[in-house]
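Data first, discussion second: the structure below is written as structure tokens.
None of the values given here were measured: they were computed from a predicted structure. Every chain is numbered from 1 and lettered A, B, ... according to where its sequence line falls, protein lines coming before strand lines.
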There are 2 protein chains.
Amino acid sequence: MQKTQVTIKHIAQALNISISTVSRALQNHPRIGLRTKEKVFEMAQRLNYVPNPAAILLKKNKTFTIGVVLPHLQEEFFSQAITAIEDVISAENYNVVVSQSRDKLERENRAIKSFISSRVDGVIASISAETTQYYQFRELERYGIPIVFFDRAPKDVPVNKVRGNIADAAFEVIDFLANKGIKKVAILNGPASLEISDERLMGYWGAMKKFNLPIIQNYIKSTDLSKEDTTKKMIELLNGEELPEAVFCFNDYVALYAMQACKQKGLVPNKDIMFVSFANLPITTYLDNPPLASVEQFAYQMGEKAAQLLLKIIHAEKETLEPEDIVVNTKLIIH
Amino acid sequence: MQKTQVTIKHIAQALNISISTVSRALQNHPRIGLRTKEKVFEMAQRLNYVPNPAAILLKKNKTFTIGVVLPHLQEEFFSQAITAIEDVISAENYNVVVSQSRDKLERENRAIKSFISSRVDGVIASISAETTQYYQFRELERYGIPIVFFDRAPKDVPVNKVRGNIADAAFEVIDFLANKGIKKVAILNGPASLEISDERLMGYWGAMKKFNLPIIQNYIKSTDLSKEDTTKKMIELLNGEELPEAVFCFNDYVALYAMQACKQKGLVPNKDIMFVSFANLPITTYLDNPPLASVEQFAYQMGEKAAQLLLKIIHAEKETLEPEDIVVNTKLIIH
DNA sequence: CTGTTAGCGCTTTCAA
DNA sequence: TTGAAAGCGCTAACAG
């Protein structure tokens with residue numbers, strides 16, 4: 001099937017010059033005659049020469065590839081981030097390999113293994129809902145592969161990361177609800193292993209206190225982000241002593257599942273119970289009664305910063321730099 | 001940053017044997033002593049040896065990578081297909097590189113270029129809404145890279161493809177509506193450059209005739225799949241002489257956009273006007289008034305077949321085989 | 001069963 | 001400004 005490929009050797013022969021001259025000409029080496037360069041480029045074109053990446057990689061011991069693991073490409077939040085990463089990375093002639101963990105630890109680990117064996121030059125990660133340990137990422141360190149986390153970073157480990165100012169956003173959400181006279185606010189949070197869950201809780205807690213709203217233990221739930229568990233927790237809220245007036249959800253999926261649980265109980269979401277969440281699905285705007293407000297996280301910007309940081313680390317030839325913690329501002333969007 | 005990597009040479013030295021023995025042992029070559037093999041594997045483990053893919057590729061002149069271009073990973077249909085492709089392909093130790101065209105010809109071309117320069121062993125493609133020419137894919141042929149299309153294939157060119165029995169499904173849809181006593185059915189079809197648009201139209205046409213339903217020229221619209229154009233076409237339908245009773249949409253996105261246009265005109269979708277479409281977004285089930293029915297296309301199965309076909313072609317060392325056309329059955333789901 | 005050797009396509013000293 | 005030659009890590013004849 002494969003045609004024999006055109007190599008610099010062919011170009012050299014056709015032009016009756018040495019392969020090193022061809023190689024240099026193709027790289028725009030300064031010490032090559034302008035006429036020679038022209039001839040080489042012309043011939044390369046004519047022969048449909050395409051450089052063999054494997055040979056270059058082998059020689060340079062670099063793959064010009066970065067690996068990205070994240071939970072779901074289907075979430076607008078992540079797909080926007082990946083677009084940004086691709087834009088930044090490809091401008092520097094790097095390639096991107098994306099892998100979805102689907103919130104499974106096992107898939108995340110497999111992706112990391114594959115990144116190691118394909119020898120990527122760096123990794124950008126947003127950890128799965130199941131990930132509680134930093135363990136697996138140590139393996140990357142072992143091979144000297146730098147990592148930058150975005151949005152979902154492991155807790156209690158100093159790492160390079162880019163994240164939204166979640167706690168402030170959560171505070172703002174409660175502020176917004178309080179201003180509307182809503183007092184009883186429940187929270188359907190994400191797994192405790194995620195730092196961004198803690199931050200949501202902190203913001204919630206801080207604001208509830210500040211505005212003298214009642215903090216009810218039963219109003220604080222956390223889910224593993226699956227539909228089943230989210231539904232279960234929402235039903236617990238609905239069956240509780242006092243129905244909350246609003247539910248602050250970890251993200252749009254959680255909100256969607258929770259809203260459906262509501263409907264099944266005969267309540268109209270965003271009329272009988274208000275929902276507010278972190279935006280990652282533009283599709284919620286197609287609902288008949290969309291959530292009152294949501295937090296925009298500027299995924300593109302976050303992806304951009306993460307990619308830039310990673311490139312910076314890759315280019316810095318020195319040993320590990322101080323981990324950076326970049327915070328991107330969020331914005332409360334009132335619908 | 002990079003640690004110096006462990007090579008088979010290191011293993012050979014540590015064990016005081018030749019590198020070819022190590023290479024063979026690692027490949028489980030039959031003519032290598034069991035004891036030697038064991039020693040080699042042990043040492044490889046101990047030194048954290050990871051084979052350098054670049055060297056293997058260079059040697060074998062194969063990348064064990066296949067490229068996939070498709071419109072949007074966010075559509076459930078495509079993301080399921082990609083999962084299937086990954087499953088099949090990785091079972092044979094191939095890797096997958098995915099690229100989204102976002103329905104832009106230019107992005108599709110860029111992806112193809114990048115597939116060529118990274119020398120993928122094969123390509124699976126579902127063309128963009130803007131693609132009208134087979135032209136760009138010829139470039140792949142030139143380099144002997146086999147292609148399999150799935151779902152969206154170019155028209156009027158004999159190619160390897162996997163597709164649903166769209167025309168039959170479209171027929172079934174009209175049949176279903178006719179049975180409910182619905183006579184005036186409009187169609188919001190995709191761009192004419194896609195074979196799957198033609199097939200939808202054929203099925204529609206055939207059924208409308210068969211059931212003696214009126215075929216009104218103004219009821220037949222096609223959109224470029226963008227929100228703007230779809231909205232425009234839907235508004236034309238709504239402003240026409242006679243309101244259709246049902247609209248048969250190219251896919252769920254088209255349905256979503258069209259339904260929103262409805263709402264803006266004060267009509268309740270799926271009560272005042274029925275919608276039916278090809279399923280690619282499970283999210284539509286969260287709508288208050290979801291579409292009556294939709295066509296399930298078994299994306300996973302389609303992806304699976306496409307991947308299997310591609311592998312078959314890659315493994316068949318001969319010159320181009322006869323193009324295959326694999327049809328996967330669809331199913332009408334009543335909600 | 002194992003070792004020697006050539007070479008995949010390219011970059012890069014070193015020498016001219 | 002160009003060429004010769006070594007070598008990146010691995011595989012695979014060929015030769016024992």
Side-chain angles (χ1 to χ4, degrees), chain A residues 2-41 43-44 47-65 93 116-121 143-144, chain B residues 2-41 43-44 47-65 93 116-121 143-144:
Chain A
Q2 298 279 5
K3 280 197 202 173
T4 56
Q5 49 181 321
V6 179
T7 70
I8 52 172
K9 202 169 161 187
H10 297 133
I11 302 179
Q13 277 166 351
L15 255 33
N16 214 346
I17 57 179
S18 80
I19 61 165
S20 33
T21 302
V22 175
S23 170
R24 280 190 277 246
L26 255 16
Q27 294 173 80
N28 245 313
H29 189 107
R31 300 194 316 205
I32 292 288
L34 204 65
R35 267 196 51 71
T36 322
K37 268 186 203 172
E38 266 172 16
K39 277 196 311 193
V40 170
F41 275 108
M43 186 56 76
L47 300 180
N48 278 303
Y49 169 73
V50 184
N52 184 330
I56 301 179
L57 305 186
L58 180 56
K59 192 69 207 182
K60 300 209 169 170
N61 199 25
K62 243 193 109 160
T63 57
F64 291 96
T65 298
N93 282 315
I116 290 173
S117 57
S118 66
R119 284 179 155 67
V120 296
D121 294 330
Y143 289 95
Chain B
Q2 298 280 7
K3 279 197 202 175
T4 55
Q5 48 179 322
V6 179
T7 70
I8 51 171
K9 202 169 160 188
H10 296 134
I11 302 181
Q13 278 167 351
L15 256 32
N16 214 347
I17 56 179
S18 81
I19 60 165
S20 41
T21 303
V22 176
S23 171
R24 281 189 278 245
L26 256 14
Q27 293 173 79
N28 245 313
H29 189 108
R31 302 194 311 207
I32 291 288
L34 205 64
R35 268 197 48 72
T36 322
K37 268 187 202 170
E38 266 172 16
K39 276 198 312 194
V40 170
F41 275 108
M43 185 56 76
L47 299 181
N48 278 301
Y49 168 75
V50 184
N52 185 331
I56 301 179
L57 305 186
L58 180 57
K59 191 71 207 186
K60 299 210 169 168
N61 198 25
K62 242 191 111 165
T63 58
F64 290 97
T65 298
N93 281 314
I116 290 174
S117 56
S118 67
R119 284 177 153 68
V120 296
D121 294 330
Y143 289 95

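Each of A:Leu57, A:Ile56, A:Asp121 was compared with A:Lys62 under the side chain to side chain contact (heavy atoms under 4.5 Å, CB included) criterion, and only A:Asp121 meets it. The only member of A:Val40, A:Val22, A:Leu26 that meets side chain to side chain contact (heavy atoms under 4.5 Å, CB included) when paired with A:Tyr49 is A:Leu26.
We find that CD of B:Glu38 is positioned 16 Å from C1' of C:dC1, with the value rounded to whole Å. With rounding to whole Å, A:Asn28 atom CG is found 17 Å from C:dC10 atom P. For the pair A:Lys39 NZ and D:dT2 C1', the interatomic distance rounds to 12 Å; values are reported in whole Å. Atom P of nucleotide C:dC1 and atom NE2 of B:His29 are separated by 10 Å, given to the nearest angstrom. If you measure from atom CG of A:Leu47 to atom P of C:dG9, you get 15 Å, rounded to the nearest angstrom. As a whole-Å value, the separation of B:Leu57 CG from C:dG9 P is 13 Å.
One finds the CZ atom of B:Arg24 at 6.5 Å from the OG atom of B:Ser18 (value rounded to the nearest 0.5 Å). For the atom pair CG of A:Leu15 and CD1 of A:Ile8, the computed distance is 12.5 Å after rounding to the nearest 0.5 Å. To the nearest 0.5 angstrom, B:Leu47 atom CG is 10.5 Å from B:Gln13 atom CD. Atom CD1 of A:Ile11 and atom CG of A:Asn16 lie 14.0 Å apart (nearest 0.5 Å). Atoms CZ and OH, from B:Arg119 and B:Tyr143 in turn, are 8.0 Å apart once rounded to the nearest 0.5 Å.
Contact check, A:Thr21 against D:dT2: no side-chain N or O comes under 4.0 Å of OP1 or OP2.
At the heavy-atom level, A:Ile17 lies under 4.0 Å from the strands shown only through sugar-phosphate atoms.
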Base-contact (B) and sugar-phosphate-only (S) positions in nucleotides 7-16 of chain D, heavy-atom cut-off under 4.0 Å, - elsewhere: BBBBBBB---
B:Asn93 vs B:Phe64, side chain to side chain contact (heavy atoms under 4.5 Å, CB included): CA-CA, chis, key distance, verdict: CA-CA 7 Å; B:Asn93 281 314; B:Phe64 290 97; 5.7 Å; no
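Fit an axis to the five pairs at each end of the helix from C:dC1-D:dG16 to C:dA16-D:dT1 and the two axes sit 40° apart, to the nearest 10 degrees.
The two atoms that bring A:Ser118 and B:Pro53 nearest to each other are CA-CG, 4.0 Å, heavy atoms only.
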